[in-house]
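Report on the following structure.
These numbers come from a predicted model, not from an experiment. Numbered from 1 within each chain, the chains take letters A, B, ... in sequence-line order.
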Protein chains: 2
Amino acid sequence: MLKLKLMTLSEEDYIKAIYHLGKGERTSVSTNAIAEQMETKPSSVTDMIKKLSEKGLVNYKKYKGVSMTEFGTKTALTLVRKHRLWEVFLVEKLDFSWDEVHDVAEQLEHVKSEKLVDRLDKHLGYPQVDPHGDPIPSKEGEFKKAVKKLLNEVPIGAEGICVGVKDSTPPFLKFLDKNNIALGDAIQVLDKEEFDGSLHLKIKGKDIHISEQIAANLYLKITE
Amino acid sequence: MLKLKLMTLSEEDYIKAIYHLGKGERTSVSTNAIAEQMETKPSSVTDMIKKLSEKGLVNYKKYKGVSMTEFGTKTALTLVRKHRLWEVFLVEKLDFSWDEVHDVAEQLEHVKSEKLVDRLDKHLGYPQVDPHGDPIPSKEGEFKKAVKKLLNEVPIGAEGICVGVKDSTPPFLKFLDKNNIALGDAIQVLDKEEFDGSLHLKIKGKDIHISEQIAANLYLKITE
DNA sequence: ATTAAATTTTAGACAAAGCTAAAAATTTGT
DNA sequence: ACAAATTTTTAGCTTTGTCTAAAATTTAAT
C-alpha cells in the first residue's frame, strides 16, 4: 500500500475537509465549500488543491471542483481513524465530556506514529464508534456503514441505540447532557404528536418528551 | 502567572533545547551548541533567538550567547512536564518500551490543552519520574532535584534506586533491557574490581557484573 | 599584541501557506 | 442567447523558518 509520509499539518487538514465535504463518497467538492470549511480564502484553497493533486491525493480540473482519489480516501480514513480513537481515549480514559474532545483530538490526530495508533486502539479495546457514535475505520480503512436514521424519521415503536448527533455544537450537546441523553443509550419511540411533531421517548427506563427540532438532530442506529 | 499561548512548534523546540543545554540553570548557551542540538544552521539560530528574546523568553546580547529568563524557564518546564508525562503514558499504558518513546513524546508534547495535561497526570497517578528516571515538574514548575550519582562514582556498599541513564541511545537502553536492568530497580554495589573498574551489583536479588563504562552511564538515586 | 582561527551575525533568497485585488471562467436569469 | 452574478483562478505580496555566502566580532596562538 502506498504511504505518503511527507504530509504537512495543513495538507492533512485539507484532505480531511475534502473527504468530509464529499461525504466519503468521492463526489466533487467546490473550492468555496472547502474555503468555508477551512476558514480560509478560496485563492488559498486553489493553491493547496494543486499541491494535493500533484501528490495524487485528489483529482482536479480547473474550475471543475475537486474529488478524492482512491489513495486520498485511504489517507483521509487513517486520519479519521486517528481522530476518533483519540476522542474515545479522551472520554473513556481522561473523563473528558462529549462536547470537549474535538479540538484536542484535532491536534492529537496529527501525531505521526503507526505504532501509537495501533497500541491506542488495543488499549481502548478496539472500539467501533467514537463518543459521537461515528464509526471508527479499521487500520485497513474499512468500516461498517452504520444504519443511522434521524429520530424524527423513525416510525413509532422503533427501538435503537443513540449513536450520533447531526448538530454537534456545544449548546445542543449540553441540552442532551442536561436531559440525560447520551450516546449508547437505548431509545424507544413511544409516540409522536401530530400537532408539532414532538416525540415521547423511553430512555434508560424514563419517559421523555422532546421537540421535533431535537429529534431532527439525533441519530438512531436501528438494531434491526 | 504569565502565559504565552502563541508559541509555534519551532519556538517550543528551541526553548526546550536551550533549557536542556543550560542544564536548567540559566547558564549561557552558545549559538553553535543550539544549532547542533536543533540540527540547523547557526544563522537560523540567531534569527530565532531574536524572536525569543523579543518575547521575553531568553536574554540575548549579540555575540554573547543566550540564557533563559525566569519566564522562559517556566515555559520550558511546562514542555518538559508534558514530554515526560507522555513518556510515562506510552510505557505504562501503551506498553511501549523504554527506548521507543522519545520521538512520539516529542510530537505529543506540542499538543496545546492544559486540561489534557492535567487529566493525563491524574490518569497516570501523578508520577514523579518518567521512564528514564528524570523527574516530572509539577504544574507549577517545581520538581525535586533527585540526588543522582553515576554508578561508578558511588562507594562500595551503597544502595539506591536506578533512576536514570546518562547515555539514552537505543544501543545502551537495549543492553539494559537484555540484562534485566530497569528503572525503579533497587541496586546494591557489592564490589568493585581495581583492575578495570568493573562492578558487581545485586539487582532484584540477582548478582550482575558490569563494566565501568556501563556503570558510568547509570544514575543511582541514593536513598540516604 | 597582533594575527589567525573560530564563532556569530547580517544580508539576501527560498519554500510553505496564507492574503488581497484583479482577471478569467462558469453559471444564472430573463 | 447574452448580460449579470457568482465562482474560481492568477498575480503579487506577507510571514515563518530555513539556507548560503559574506561580514563582523570574539577567542586563541605565537
Side-chain angles (χ1 to χ4, degrees), chain A residues 4-19 21-22 27-68 72 75-76 79 106-107 109-112, chain B residues 4-19 21-22 27-68 72 75-76 79 106-107 109-112:
Chain A
L4 199 45
K5 294 250 173 216
L6 332 79
M7 282 186 83
T8 65
L9 297 194
S10 207
E11 287 171 345
E12 288 190 348
D13 288 337
Y14 272 96
I15 283 298
K16 246 189 57 172
I18 296 168
Y19 173 83
L21 288 169
T27 53
S28 186
V29 175
S30 82
T31 301
N32 265 1
I34 299 169
E36 197 179 337
Q37 173 78 20
M38 294 291 296
E39 293 180 320
T40 184
K41 304 295 171 185
S43 55
S44 306
V45 174
T46 301
D47 287 346
M48 181 57 86
I49 282 173
K50 285 180 187 166
K51 203 189 307 180
L52 297 175
S53 173
E54 268 160 34
K55 291 194 177 187
L57 291 155
V58 299
N59 299 119
Y60 172 58
K61 281 246 173 71
K62 268 191 197 178
Y63 294 101
K64 294 300 179 190
V66 69
S67 64
M68 304 293 285
T75 303
L79 291 168
E106 201 74 28
Q107 296 182 66
E109 84 191 8
H110 291 300
V111 175
K112 280 155 190 72
Chain B
L4 198 45
K5 294 249 175 219
L6 332 80
M7 282 186 84
T8 65
L9 297 195
S10 207
E11 286 171 346
E12 289 190 348
D13 288 336
Y14 272 96
I15 283 298
K16 246 189 55 171
I18 296 168
Y19 172 84
L21 287 169
T27 53
S28 187
V29 175
S30 81
T31 301
N32 264 2
I34 299 169
E36 196 179 340
Q37 174 78 21
M38 295 290 297
E39 294 181 319
T40 185
K41 302 295 171 185
S43 55
S44 307
V45 173
T46 301
D47 287 346
M48 180 56 86
I49 282 173
K50 285 181 187 166
K51 203 189 306 179
L52 296 175
S53 172
E54 268 160 34
K55 291 194 176 183
L57 291 155
V58 299
N59 299 120
Y60 172 58
K61 282 243 172 71
K62 269 192 199 178
Y63 294 101
K64 294 299 179 191
V66 69
S67 64
M68 305 293 286
T75 303
L79 290 168
E106 201 75 28
Q107 296 181 66
E109 84 191 8
H110 291 300
V111 174
K112 279 155 189 72

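Whole-Å rounding puts the Asp13(B) CG to dT18(D) C1' distance at 14 Å. In this entry the distance linking CG of Asn32(B) with C1' of dT26(D) reads 13 Å, nearest Å. Residue Ile49(A) contributes atom CD1, which lies 17 Å from atom P of dA16(C) at whole-angstrom precision. Atom NZ of Lys50(A) is separated from atom C1' of dA15(C) by 16 Å (rounded to the nearest Å). Atom CE in Met48(A) sits roughly 18 Å away from atom P in dT8(D) (whole-Å rounding). Taking atom CG on Leu9(A) and atom C1' on dA16(C), their separation rounds to 12 Å, with Å as the unit.
From Ile49(B), atom CD1 reaches atom NZ of Lys61(B) across 14.5 Å, with rounding to the nearest 0.5 Å. The distance from the CE atom of Met38(B) to the CG atom of Leu21(B) is 10.0 Å, given to the nearest 0.5 Å.
Not counting sequence neighbours, Asp47(A) has no partner by the side chain to side chain contact (heavy atoms under 4.5 Å, CB included) test. Under the rule for a side chain to side chain contact (heavy atoms under 4.5 Å, CB included), the partners of Lys62(B) that lie at least two apart in sequence or sit in another chain are Tyr60(B). For Lys41(A), the side chain to side chain contact (heavy atoms under 4.5 Å, CB included) partners are Ser43(A), Ser44(A), not counting sequence neighbours. A search for side chain to side chain donor-acceptor pair (under 3.5 Å) contacts involving Glu36(B) returns nothing, not counting sequence neighbours.
Comparing dG18(C), dT8(C), dT18(D) against the side chain of Asp47(A) picks out dG18(C) as the nearest.
Of all the heavy atoms in Ser30(A) and Ala33(A), the pair that sits closest is OG-N, 3.0 Å.
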Protein N or O to nucleotides 22-29 of chain C N or O, pairs below 3.5 Å:
{"from": "dA25(C)", "atom 1": "O4'", "to": "Tyr63(A)", "atom 2": "OH", "distance (Å)": "3.4"}

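The only option from Val58(B), Thr31(B), Leu52(B) that meets the side-chain contact (heavy atoms from CB on, under 4.5 Å) definition with Val66(B) turns out to be Val58(B).
Within 4.0 Å of Thr46(B), counting heavy atoms only, lies at least one base atom of the nucleic acid.
Residue Ser30(A) has no polar side-chain atom (N or O) positioned under 4.0 Å from OP1 or OP2 of dT7(D). In terms of phosphate contacts, Tyr14(B) brings no side-chain nitrogen or oxygen within less than 4.0 Å of OP1 or OP2 of dT16(D).
Of all the residues in residues 34-44 of chain B, Thr40(B), Lys41(B), Ser43(B), Ser44(B) reach under 4.0 Å from DNA chain D with at least one non-hydrogen atom.
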Could you list the donor-acceptor pairs under 3.5 angstrom formed between side-chain atoms of residues 10-17 of chain A and any protein atom two or more places apart in sequence or on another chain?
{"from": "Glu11(A)", "atom 1": "OE1", "to": "Thr8(A)", "atom 2": "N", "distance (Å)": "3.0"}
{"from": "Glu11(A)", "atom 1": "OE1", "to": "Lys55(A)", "atom 2": "NZ", "distance (Å)": "3.2"}
{"from": "Glu11(A)", "atom 1": "OE2", "to": "Lys55(A)", "atom 2": "NZ", "distance (Å)": "3.2"}
{"from": "Glu12(A)", "atom 1": "OE1", "to": "His110(A)", "atom 2": "ND1", "distance (Å)": "2.5"}
{"from": "Glu12(A)", "atom 1": "OE2", "to": "Lys112(A)", "atom 2": "NZ", "distance (Å)": "3.2"}
{"from": "Asp13(A)", "atom 1": "OD1", "to": "His110(A)", "atom 2": "NE2", "distance (Å)": "2.9"}
{"from": "Lys16(A)", "atom 1": "NZ", "to": "His83(A)", "atom 2": "ND1", "distance (Å)": "3.4"}
{"from": "Lys16(A)", "atom 1": "NZ", "to": "Glu109(A)", "atom 2": "OE1", "distance (Å)": "2.9"}
{"from": "Lys16(A)", "atom 1": "NZ", "to": "Glu109(A)", "atom 2": "OE2", "distance (Å)": "3.1"}

